[in-house]
Amino acid sequence: MNREDFLILGQEVYKKPLVYFDNAATTQKPEMVISALADYYRTINSNIHRGVHYLSQKATEEFEVARKAVRDFIHAAHDYEIVFTRGATESINLVASSFGRTYIHEGDEIVISEMEHHSNIVPWQFLCEDRGAKLKVIPFSDNGTLCVEKLEELLTPKTKILAVTHVSNTLGTINPVKEIIRIAHAHNVPVMIDGAQAVAHCPVDVQDLDCDFYCFSGHKMYAPMGVGIMYGKERWLNEMKPYQGGGEMISTVTFEKTTYNELPYKFEAGTPAVGDVIGLRKAIEYMQGVGIQNIAKHENELLQYGTQELKKIEGMRIIGEAQNKAAVISFLVGNAHPYDMGVLLDHQGIAVRTGHHCTQPIMDHFHIPGTVRASFALYNTKEEIDILVKAVQKAAQMLM
Ligand code: PLP
């Protein structure tokens with residue numbers, strides 16, 4: 001599927017064809033994204049919103065067109081509900097900080113889940129520490145399914161927000177976020193979804209989900225590094241205090257008092273990554289060209305095939321076997337250390353990730369130090385999975 005659009009994939013490493021299975025960490029970028037980035041710097045590079053000159057107006061125009069593209073992509077109601085950040089991590093920190101400073105007080109409770117990336121744990125811990133609030137955790141079962149039935153008992157009149165991942169970067173679990181949001185809303189609890197691992201793999205409609213916030217990164221969806229998105233419902237964004245202070249986010253500044261700019265600029269202090277945002281628009285166009293449903297179908301076939309073939313290896317243990325999964329396979333073989341396995345696979349030209357994947361509570365759940373993780377994208381093939389399976393077999397023989 002459109003592999004020739006990704007020139008990086010055509011290379012050899014250690015004289016072996018590169019097999020890139022580290023897509024949950026970051027995806028590769030198609031030529032049209034790379035060209036858009038280079039074209040931006042060659043033709044209209046300029047600071048935005050403030051300039052009266054031609055280049056500044058052009059760059060501003062392109063930047064705002066990209067905002068509309070993101071809005072359409074996630075089906076938000078308004079352009080100004082789309083806030084550009086540096087990535088999912090900054091988006092989550094923005095929500096925790098701004099929502100927290102506005103609404104969280106001593107004794108309040110925040111609910112997250114046991115399968116969160118550290119980016120969706122630590123910002124809430126900061127907040128709890130600052131405000132004297134309490135963190136509560138929805139557990140998952142041993143096959144990696146979130147225990148949604150436990151949610152009701154965790155929600156209390158003190159719960160002020162629930163933050164949960166759409167797709168687990170380690171287990172691959174696709175959480176039933178629409179159902180979770182429905183339950184939380186029935187308790188008047190707003191919900192933030194960490195969509196970092198979802199947006200490139202399944203259609204997302206924030207209005208249909210009815211989430212209050214949805215955070216993600218561009219670089220995990222074929223866009224350049226350095227740009228992320230924080231979607232927030234207008235109602236919250238209007239009420240919330242700004243995240244960072246600086247240029248662009250103000251309306252008037254005097255030493256006595258500062259008033260804030262309108263949405264979304266209130267949350268976009270400083271110079272944004274204009275070229276990266278323009279690249280993000282191209283990445284969205286690229287994915288829409290392939291068709292997000294086609295991507296989901298192709299990746300699901302890879303997931304089914306990869307799981308079936310890897311399971312044939314003696315001593316194979318797959319971590320995360322929820323019924324509804326995205327194309328992420330975390331595994332261990334016998335007593336082979338995941339790091340050693342990763343190094344041996346690398347020597348076969350295969351890029352996988354090893355370690356705790358910034359989800360140490362998941363490792364604690366299974367009492368393991370880490371896993372090997374193969375994660376697929378639209379350009380991966382079954383032939384590459386065959387190469388992986390052979391290489392894992394070979395590595396396992398050497399390590400056990
Ligand atoms: N949330 C999840 C589920 C992730 O997988 C990641 C990155 O791996 C993040 C958040 C953080 O994304 P970023 O490093 O792009 O800010």
Side-chain angles (χ1 to χ4, degrees), residues 26 29 32-74 76 78-99 119 123 195-196 199 206 213-232 234 236-238 240-251 253 258-286:
T26 198
K29 324 302 173 198
M32 67 188 259
V33 169
I34 298 171
S35 301
L37 197 55
D39 283 351
Y40 163 75
Y41 283 108
R42 286 198 189 106
T43 58
I44 57 166
N45 173 47
S46 184
N47 212 329
I48 56 167
H49 294 138
R50 289 176 277 251
V52 289
H53 61 82
Y54 179 84
L55 292 188
S56 177
Q57 286 180 20
K58 270 282 173 213
T60 304
E61 214 174 282
E62 291 289 321
F63 187 82
E64 293 303 331
V65 169
R67 198 188 304 276
K68 283 190 198 319
V70 174
R71 180 194 107 183
D72 290 346
F73 181 62
I74 60 168
H78 307 288
D79 296 354
Y80 51 78
E81 292 176 322
I82 306 297
V83 173
F84 288 118
T85 64
R86 280 191 303 123
T89 301
E90 189 176 46
S91 298
I92 298 168
N93 274 278
L94 190 166
V95 177
S97 168
S98 294
F99 184 93
S119 293
V199 277
V206 291
F213 303 96
Y214 196 95
C215 300
F216 56 104
S217 292
H219 72 95
K220 293 183 196 289
M221 48 178 283
Y222 311 101
M225 289 184 174
V227 55
I229 289 92
M230 191 281 293
Y231 157 81
E234 177 180 8
W236 298 114
L237 298 187
N238 272 332
M240 275 159 50
K241 291 180 182 154
Y243 173 48
Q244 294 176 326
E248 196 62 40
M249 51 75 69
I250 53 88
S251 175
V253 177
T258 291
T259 57
Y260 306 129
N261 203 342
E262 61 193 22
L263 295 178
Y265 311 112
K266 174 176 143 187
F267 292 103
E268 291 181 351
T271 301
V274 182
D276 299 331
V277 167
I278 291 169
L280 171 68
R281 172 185 164 207
K282 288 290 165 191
I284 290 173
E285 280 176 14
Y286 185 83

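In what follows, every heavy atom counts, from backbone to side chain, and hydrogens, waters and symmetry copies are set aside. This structure is a prediction, so every number in the text was calculated from the model and none was measured.
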Engineer: Which is it for Tyr243 and Met249 under the side-chain contact (heavy atoms from CB on, under 4.5 Å) test, yes or no, and what are the steps along the way?
Structural biologist: CA-CA 9 Å; Tyr243 173 48; Met249 51 75 69; over 6 Å; no

Engineer: Looking only at heavy atoms, what is the nearest atom pair of Arg281 and Ala66, with distance?
Structural biologist: CB-CB, 3.8 Å

Engineer: Step by step, would you call Met225 with Arg86 a side-chain contact (heavy atoms from CB on, under 4.5 Å)?
Structural biologist: CA-CA 8 Å; Met225 289 184 174; Arg86 280 191 303 123; over 6 Å; no

Engineer: Nearest 0.5 angstrom please: Glu262 CD to Asn238 CG, how far?
Structural biologist: 10.5 Å

Engineer: Between Lys68 and Glu64, is there a salt bridge with N-O shorter than 4.0 Å?
Structural biologist: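 Judged by the 4.0 Å cut-off on N to carboxylate O distance, Glu64 and Lys68 do not form a salt bridge.
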
Engineer: How long is the span from the CG atom in Asn93 to the OG atom in Ser98, to the nearest 0.5 Å?
Structural biologist: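 Separation between the atoms: 10.0 Å.
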
Engineer: Could you tell me whether the side chain of Phe213 reaches within less than 4.5 Å of the side chain of Leu237, counting heavy atoms only?
Structural biologist: yes

Engineer: Taking the side chain from Arg67 and the backbone from Ile82, do they hold a donor-acceptor pair closer than 3.5 Å?
Structural biologist: yes

Engineer: Identify the two heavy atoms, one from Pro224 and one from Val33, that lie closest to each other, and give their separation to 0.1 Å.
Structural biologist: CD-CG1, 3.7 Å

Engineer: Nearest 0.5 Å, please: how far is OG1 in Thr60 from CG in Leu55?
Structural biologist: 10.5 Å

Engineer: If every non-hydrogen atom of Ile92 is compared with every non-hydrogen atom of Pro123, which pair is closest and at what distance?
Structural biologist: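 It is CG2-CG, 4.2 Å.
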
Engineer: For the pair Asn261 and Glu248, evaluate side-chain contact (heavy atoms from CB on, under 4.5 Å) and give the outcome as yes or no after the intermediate values.
Structural biologist: CA-CA 7 Å; Asn261 203 342; Glu248 196 62 40; 4.3 Å; yes

Engineer: Could you point out which residue of Phe267, Phe99, Tyr231 forms a ring-ring contact (aromatic ring centres under 6.0 Å, His included) with Trp236?
Structural biologist: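 Going through Phe267, Phe99, Tyr231 one by one, the ring-ring contact (aromatic ring centres under 6.0 Å, His included) with Trp236 is satisfied by Phe99 alone.
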
Engineer: Short question: side chain of Thr89, backbone of Ser119 - any donor-acceptor pair under 3.5 Å?
Structural biologist: no

Engineer: Over 60° means perpendicular and under 30° means parallel, so classify the ring planes of Tyr214 and Phe216, tilted if in between.
Structural biologist: perpendicular

Engineer: Test Val83 against every option in Val95, Ile229, Val70, Leu94 by the side chain to side chain contact (heavy atoms under 4.5 Å, CB included) rule and name the one that passes.
Structural biologist: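 Going through the options one by one, the only one that passes is Leu94.
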
Engineer: Without swapping roles, check the side chain of Lys58 against the backbone of Ser46 for a donor-acceptor pair under 3.5 Å.
Structural biologist: no

Engineer: Once rounded to the nearest 0.5 Å, what's the spacing between atom OH of Tyr80 and atom CD of Glu234?
Structural biologist: 3.5 Å

Engineer: Do you know the tightest heavy-atom contact between Gln244 and Ala269?
Structural biologist: O-CB, 3.5 Å

Engineer: Identify the heavy atoms of Ser91 and Gly228 that sit nearest to each other, and give their distance.
Structural biologist: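 Scanning both residues, the minimum pair turns out to be OG-C, 4.3 Å.
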
Engineer: NZ of Lys282 to OH of Tyr40: how many Å apart, nearest 0.5 Å?
Structural biologist: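 Nearest 0.5 Å value for the NZ-OH distance: 15.0 Å.
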
Engineer: When rounded to the nearest 0.5 angstrom, what is the spacing between CG in Asp276 and CG in Leu37?
Structural biologist: 5.5 Å

Engineer: Under the 3.5 angstrom rule, does the side chain of Glu268 hit a backbone N or O of Thr85 as a donor-acceptor pair?
Structural biologist: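 Between the backbone of Thr85 and the side chain of Glu268 there is no qualifying donor-acceptor contact (under 3.5 Å).
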
Engineer: Please answer whether the main-chain N or O of Tyr222 pairs with a side-chain N or O of Lys29 as donor and acceptor at a distance below 3.5 Å.
Structural biologist: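 Pair absent, no side-chain N/O of Lys29 close to backbone of Tyr222.
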
Engineer: Where do Met221 and Leu280 land on the side-chain contact (heavy atoms from CB on, under 4.5 Å) test, with the steps shown first?
Structural biologist: CA-CA 8 Å; Met221 48 178 283; Leu280 171 68; 3.8 Å; yes

Engineer: Considering all heavy atoms of both residues, which atom of Phe84 and which atom of Val277 are nearest to each other, and what is their separation?
Structural biologist: CZ-CG1, 3.6 Å

Engineer: Counting only N and O atoms by type, is there a donor-acceptor contact under 3.5 Å from the side chain of His78 to the main-chain atoms of Glu81?
Structural biologist: no

